[in-house]
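Every number for a ligand or one of its atoms is a count from 1 in the order of the listing. What you see is a predicted model; the values in this text were computed from it and never measured.
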Amino acid sequence: VAQHRLWKEIDHLVKQEVSMARLGVGECGTGWQLFAEDGEMKMYRREEEIDGMVVDPLKAVHVVKGITGHELCHYFFSPQYRYDWETTLETMQVVETIADDTLIFQQTHKRIWPASQRDCLFWSHLRRLPNDQDTEGPDMWTVVNHSTEHTDYPANTGKCVRIFLTVCLLCQTQVDPPKDGAPISRDNITCKITYCSVVNPGGWAPASVLRAVYKREYPKFLKRFTSYVINQTKNKSIMF
Ligand SMILES: CCCCCc1ccc(-c2ccc(S(=O)(=O)CCO)cc2)cc1/C=C\c1ccccn1
């Protein structure tokens, strides 16, 4: 049922991204190399180039106690929190509200020397994925971000090089109810997170610089973001 102009594209891409995110790094065939590990967080990348530009796909898996997938996706999707956790942001704006679960963002990121500054324009879609028989436990939640165009924000007209990205944050909440029948507390919930991203830098940037940025920034980003959500939710009632 087409609800707006982007619905078909979004629905198709969300289904494709979620099915890929659910594949383990083993099943994705060879090629995934573990490049960062910190406790439960494991980050993998594949080395890929298009026209000599590094576009290494990234897949991170993490397990975090005390928050739900709905909470993680809520804080990832909602614009009002983004400056709190996205450290590489210089500016961010909502260009268009397509629906209450679909926004178009324009962001400029801090310049990373010696490359030129980047900006991105993407739709962002938040969705609850009803659990079917083979995914036990509460529903899964996802946010998919995918580059798009908008007449008011043509690419590469200002100082920034437009990057192209597809990002999928997929979360599954696990509840282990207390034995004594007490109400469920945050000690009884765990969230399994898969974060997939492919960023095309848009214009040429040295492969060594890009790979160093990814190696440094992605682990920092996921740790900072999950800690932020734990901190924001710890005294609030659980959002399942
Ligand atoms: C030479 C520099 C090339 C590219 C710089 C860059 C720009 C943007 C982005 C980016 C990363 C994650 C998202 S999101 O997950 O959708 C959340 C919303 O912000 C959107 C954009 C990445 C990066 C490249 C590296 C990098 C990696 C993790 C964090 C920050 N920068």
Between Tyr44 and Phe35, does the ring centroid distance fall short of 6.0 Å?
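No; Phe35 has its ring centre 6.0 Å or more from that of Tyr44.
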Give me the atom names and distance for the closest heavy-atom approach of Arg46 to Gly31.
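Minimum heavy-atom separation between Arg46 and Gly31: CG-O, 3.1 Å.
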Whether Asp38 and Lys220 form a salt bridge (side-chain N of Lys/Arg under 4.0 Å from carboxylate O of Asp/Glu) is what I want to check.
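Judged by the 4.0 Å cut-off on N to carboxylate O distance, Lys220 and Asp38 do not form a salt bridge.
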Do NZ/NE/NH1/NH2 and the carboxylate oxygens of Arg82 and Glu90 come within less than 4.0 Å?
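No.
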Considering only the protein, which heavy-atom contact is closest to [atom], and what is its distance?
{"atom": "atom 21 (C) of ligand 1", "value": "Leu165 CD2, 3.5 Å"}
{"atom": "atom 3 (C) of ligand 1", "value": "Leu210 CD2, 3.6 Å"}
{"atom": "atom 16 (O) of ligand 1", "value": "Asn145 ND2, 2.8 Å"}
{"atom": "atom 19 (O) of ligand 1", "value": "Glu86 OE2, 2.5 Å"}

With nothing but distance in play, are any N or O atoms of [X] less than 3.5 Å from an N or O of ligand 1?
{"X": "Tyr214", "value": "no"}
{"X": "Gln107", "value": "yes"}
{"X": "Glu217", "value": "no"}
{"X": "Ser116", "value": "no"}

Would you check whether Val209 reaches within less than 4.0 Å of ligand 1, judged by its heavy atoms?
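So Val209 does not count as touching ligand 1.
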At the 4.0 Å heavy-atom cut-off, does Tyr195 count as touching ligand 1?
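Judged by the 4.0 Å heavy-atom criterion, Tyr195 does count as contacting ligand 1.
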Side-chain heavy-atom pair Leu129, Leu170 within 4.5 angstrom cut-off:
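When only atoms from C-beta onward are counted, Leu170 and Leu129 do touch, with a gap below 4.5 Å.
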Cluster question for you: counting only ILVMFWY and a side-chain heavy-atom cut-off of under 4.5 Å, with indirect links fine, are Leu89 and Val199 together?
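Yes, same cluster.
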